[in-house]
Structures are given as structure tokens and as C-alpha cells.
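Order of the sequence lines sets the chain letters (A, B, ...), proteins ahead of strands, with each chain counted from 1.
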Amino acid sequence: MENVFEILRERGFIRQSTNPTEIARILSEERITYYVGFDATAESFHVGSLVPIMAMVHLQRAGHTPIAIIGGGTTMIGDPSGKTTMRQLLLRETIDANGDGLLSQLKRYLDFGEGIGTFLNNADWLLPLSYIDFLREIGRHFRVNEMIKAEAYRQRLEREEGLSFIEFNYQLLQAYDFLHLFRHHGCVLQLGGDDQWGNILAGVDLVRRLEGRTVHALTFPLLTTANGEKMGKTATGAVWLDTNRTSPYDFYQYWINVDDRDVKRFLACFTLLPMDEVNRLGELKGDSIRKAKEVLAYEVTKLAHGDVEAENARSASRGAFGDGDIDLSAIPTTIVDADRLNGGIPVVDLFNEVGLGGSKSAVRRLIQQGGAYLNGEQINDTNAILTGEHLDRGALLLRHGKKHVHRVVIE
RNA sequence: GGGGAGGUACUCAAGCGGUCAACGAGGGCAGACUGUAAAUCUGUUGGCUAUUGCCUACGGAGGUUCGAAUCCUUCCCUCCCCA
């Protein structure tokens, strides 16, 4: 069997781990159960979550059994790690609904078949806990002295916002998760973002104290773009896996637009292409690196949304930026009533309605700055009214700056 | 519980009775240059039925004043010191 640990290392997934030699050994000699916890703060993942997801995929392909945990219980507390302010507390119903959304997305990457993979909600065992029992069984194993020295808490303690008691408990609950999964599912490895290191180790310690067994921890580097920004953030907000929030076309475009310096890392981390191929593409320089970006965008979109959507996004992207007018059907489209168009629609309104701009004032500014286009022609008049005369093959092609296009189809 | 300091737009941070839709920096967006990249330069960055106009905004609610982000009252919240 190929050594997954080596694969993960080579592809840039490993930041810190407890005993690397031992982890490498059990990963190549045994079939183990591992887990990753996900916050249930939204009903969709965004591209940042792809790091743990892809790591889980590699491990499952190597024959290990994933447990994906939705933090239905822990999200009710809110993890202070890496957060400068306290999180908003969410309602139980919201958290449950979020969990459903996340599961459906995970299913595209992981096999949750009988005995192959599991999806659990930690609300199932955290919510019924009794406060006193929990403190007596679990709480006594935690030293406050140590906890407040941990980076995650220290940052917050030093900042003005401080730290509330509810958040301070987060680590205990996450540690308890690991213990629970060890006891009931034989889980011996937890993976997570590097900001989770302290929380994960707390679980490792807890298992050792209560069960006398050694379990393992492994963290991923916190992936940032070459500019030092958090992954997946754009002006419009995060880049989501949910097609209602981020269309496959926009998703594809996100990857096309990554910084040159990120291409190789991203190929290794977010695609399943063999490393030879990754290295070859990663070496491309200058103009030709766009080919590598196209491969990156295509592969990542394919994993997230399937072949068909990936194909469509690719041809739409080529159509919008290349010279030929190829298939534009995958470009985000809005349908407008023919009668309404014949009555005349102010350009400003139309841009605003399809989501190119943000507000009418913003669209006016855009036009004044020469960044608004209709069917490839710059728009000069903020008061322009669109009618049927402006149709180009039954549609209007709106463009915001160089990169954002939207089609308006008339019916 | 006692004492002190604060809450300003996406973020940090000025302003401390009119000239404040609110300095400055970061970020965002657009333009030039380019390769749908980066860097650089320029412009822009509350909304609107808007050519010098109107509306909403400086934690919430009231008040003083011709006029408040700026003064007063009260409430909420945060931080620091003491208990």
C-alpha cells in the first residue's frame, strides 16, 4: 500500500503532528478510523474547508475510515480559536439545518457507505451531558494554568474583547468528542486546521488520562494566498461550494484568478492529479501559467460540481475572455420579461438587479469610471435606458469591470 | 460590589458644538499597464425617485441648542485596577 502519510506530506497537508513516525506507521500498516470536525456555522462549506476535506479523501482512498463530525453541539458554544471576537450564538434549529447542508456536500467527496465512512453530529452526545457529571469526569483533568497559556486563549485574553466562560469551555468539549469517538468508534486520529492544534491535543491528553491509550493529532497549515489573505475571500464574500451561493462559473473563475505563486500549492492540495503532473504544471512561467490555472480550475470545479458543470464553466470562461464567441450558457444568467424590456429598463437598474454592482449608486460610479459594458461596448451614460434595440441575439451581456459578466436573457 | 477608561463606517483609527457622509491607513471596486497573475500609478468607496438636492448614519433611547458624532440624562455593552 502506498504510504498516505507521505502523500499528505508531499501535497502540503501537514503542519504539525504528534509522533510522525508512529502515524506514518499505523497509516501504512493498519486500517484506522480518523475524524475531522466541522463547524455548523453555515449551511455550506467554502473553499477553505476543502483542505480538510481533501485530506480526508486521500485517507479514505488509502483504506482508512473517515468520521466527519458536524459540530452541532460545539457550535452552540463557539470556538474562540483564531477569532478575535466572540461568535454569535446560533439557534439549535439553524445548526441542524446547517448540518444537513454540509453533509450533502461532503457526500460528493467521501463515501459514507456502511462501514466505510460515518457522519455524526456531536450534539447527539454533548447535549445530554449533565453539567456536574461532566465537570467531575472531564473537567478535573484540565488545568486552567495551562489552558490560559495556550495561544488560542492568550490572544483573546490580551485583546480588549476578552474571553467569555462559555468559549473557554470549547476545548473541553472538543477533547470530549475525541474521547467519545475513541470509545465508541475506535477513532485514533484527529485532523484539523492548525488553529485547532491545542484543542486536538487536549483530546489526545484526555484519552491518555482516561483510557491509557495513545491517539494522534495532525494539523493542516492554515492556507493563505500569496498575498497573505485568507483563502476563498472575495469582494462578494466567501467562495462557497453551494451553487446557490457561488455559481459553478464563479467558482471556476475564483481558481482561474489565483495568484501565480499559489498555483502549484493549490494543485497539490485541491486536486487529485498525480504529483508529476502537479510539478510539471507548477513550473510553467509567464503567459503559459494560465494553462495550469485552467487545469486547476477545471479539476477543482469537477470535484465540487461534477464533469458537466466543470465543462460548462470552462467553455463559458473561455467564451467570456477568449476572442471567439463560444458557448456562453454557463455564465450566470437572469431572465427578463420581453414586455418589460420593451417598456425600457434603466441600465443602472438592470446591473443592480443581476447583482453586478451592489447598489444603484455603485453602478453609477462604475459607469462614470468606464467600467460598465453592454455587449462589449462601454456604457457612457448613467441614465441610459435599455430596450429591445439593444438585444444581441436575444440577450444582453452585461460586464462589470474586466472579470464579472452576467447575461440577461429575454423571454 | 468599588474605582477608572472606552463604544465612530468592511477593519484599524482621527474628530470632541457648526465648514462632518465624517481626516488618515489598510482593504474593496474601477481605470492605465498586463497574462482573466503580481507590482506600480490614478480615481473611487452610505443610500436614493439626485447636475450644487433629499434621506439614513458616529452603541440604544430621550434631552439641551438655531444647529450635536461632539454637551446633559438614562440604558446596554467592552476593557483595566481593586474585591
Have a look at [X] and say if it touches a base, only the backbone sugar-phosphate, or nothing, with a 4.0 Å heavy-atom cut-off.
{"X": "Gln253(A)", "result": "base"}
{"X": "Lys293(A)", "result": "base"}
{"X": "Lys402(A)", "result": "base"}
{"X": "Ser359(A)", "result": "sugar-phosphate"}
{"X": "Ile256(A)", "result": "base"}
{"X": "Gly357(A)", "result": "nothing"}
{"X": "Val263(A)", "result": "nothing"}

Next item on the list: Report yes or no: is the cationic atom of Arg314(A) (NZ for Lys, CZ for Arg) under 6.0 Å from the centre of the six-membered ring of Tyr298(A), at an angle within 45° of the ring normal?
Entry: yes

Check: Among side-chain atoms of Gln253(A) and Ser317(A), is any donor-acceptor pair under 3.5 angstrom?
Finding: yes

Below 4.0 Å: OP1/OP2 of [N] and any side-chain N or O of [X]:
{"X": "Arg364(A)", "N": "rU49(B)", "value": "yes"}
{"X": "Arg365(A)", "N": "rA50(B)", "value": "no"}
{"X": "Arg290(A)", "N": "rG35(B)", "value": "no"}
{"X": "Lys403(A)", "N": "rA37(B)", "value": "yes"}

Next item on the list: Would you please classify the geometry between the Phe168(A) ring and the Phe165(A) ring as parallel, tilted or perpendicular, with 30° and 60° separating the classes?
Entry: tilted

Separation between the [atom1] atoms of [N] and [M], rounded to whole Å:
{"N": "rC80(B)", "M": "rU65(B)", "atom1": "C1'", "result": "36 Å"}
{"N": "rC12(B)", "M": "rG28(B)", "atom1": "C1'", "result": "15 Å"}
{"N": "rA57(B)", "M": "rG47(B)", "atom1": "P", "result": "15 Å"}
{"N": "rG4(B)", "M": "rC54(B)", "atom1": "C1'", "result": "44 Å"}
{"N": "rG31(B)", "M": "rG24(B)", "atom1": "P", "result": "24 Å"}
{"N": "rC55(B)", "M": "rG3(B)", "atom1": "C1'", "result": "43 Å"}
{"N": "rA61(B)", "M": "rG46(B)", "atom1": "P", "result": "23 Å"}
{"N": "rC23(B)", "M": "rC72(B)", "atom1": "C1'", "result": "28 Å"}

[N] pairs with, by Watson-Crick or G-U criteria that keep both distances under 3.5 Å:
{"N": "rA68(B)", "answer": "none"}
{"N": "rC41(B)", "answer": "rG31(B)"}
{"N": "rA83(B)", "answer": "none"}
{"N": "rA61(B)", "answer": "rU73(B)"}
{"N": "rG46(B)", "answer": "rC55(B)"}

Margin query: Under 3.5 Å, is there any donor-acceptor pair linking the side chain of Gln369(A) to the base of rG43(B)?
Written below: yes

Item checked: Given RNA chain B, 5'-ward residue of the pair Asp349(A) and Asp260(A), judged by closest heavy atom -> Asp260(A)

Checklist line | Along RNA chain B (nearest heavy atom to each residue), the more 5'-positioned of Ala372(A) and Asp287(A) | finding: Ala372(A)

Notebook entry, point to check: Which nucleotide, rA50(B), rU49(B), rC29(B), lies nearest any side-chain atom of His400(A)?
Noted result: rC29(B)

Check: Which of these nucleotides, rA30(B), rU36(B), rG47(B), is closest to any side-chain atom of Asn257(A)?
Finding: rU36(B)

Take atom [atom1] of [X] and atom [atom2] of [N], then tell me their distance rounded to the nearest Å.
{"X": "Gln368(A)", "N": "rG43(B)", "atom1": "CD", "atom2": "P", "answer": "16 Å"}
{"X": "Phe266(A)", "N": "rA37(B)", "atom1": "CZ", "atom2": "C1'", "answer": "13 Å"}
{"X": "Arg261(A)", "N": "rG35(B)", "atom1": "CZ", "atom2": "P", "answer": "18 Å"}
{"X": "Leu356(A)", "N": "rA30(B)", "atom1": "CG", "atom2": "P", "answer": "11 Å"}
{"X": "Tyr373(A)", "N": "rA30(B)", "atom1": "OH", "atom2": "C1'", "answer": "9 Å"}
{"X": "Asp259(A)", "N": "rU34(B)", "atom1": "CG", "atom2": "P", "answer": "19 Å"}
{"X": "Ile367(A)", "N": "rU51(B)", "atom1": "CD1", "atom2": "P", "answer": "15 Å"}
{"X": "Leu296(A)", "N": "rG35(B)", "atom1": "CG", "atom2": "P", "answer": "21 Å"}

Margin query: Using side-chain heavy atoms (C-beta onward) and a distance below 4.5 Å, is His406(A) in contact with Leu396(A)?
Written below: no

Margin query: Once rounded to the nearest 0.5 Å, what's the spacing between atom CG of Leu356(A) and atom OH of Tyr373(A)?
Written below: 13.5 Å

Notebook entry, point to check: Salt bridge check: are Asp260(A) and Lys293(A) linked by an N-O gap of less than 4.0 Å?
Noted result: yes

Check: If you measure from the Lys or Arg side-chain nitrogens to the Asp or Glu carboxylate oxygens, is any gap between Arg15(A) and Asp194(A) under 4.0 Å?
Finding: yes

Next item on the list: Pick out which of Tyr109(A), Trp240(A), Phe38(A) makes a ring-ring contact (aromatic ring centres under 6.0 Å, His included) with Phe45(A).
Entry: Phe38(A)

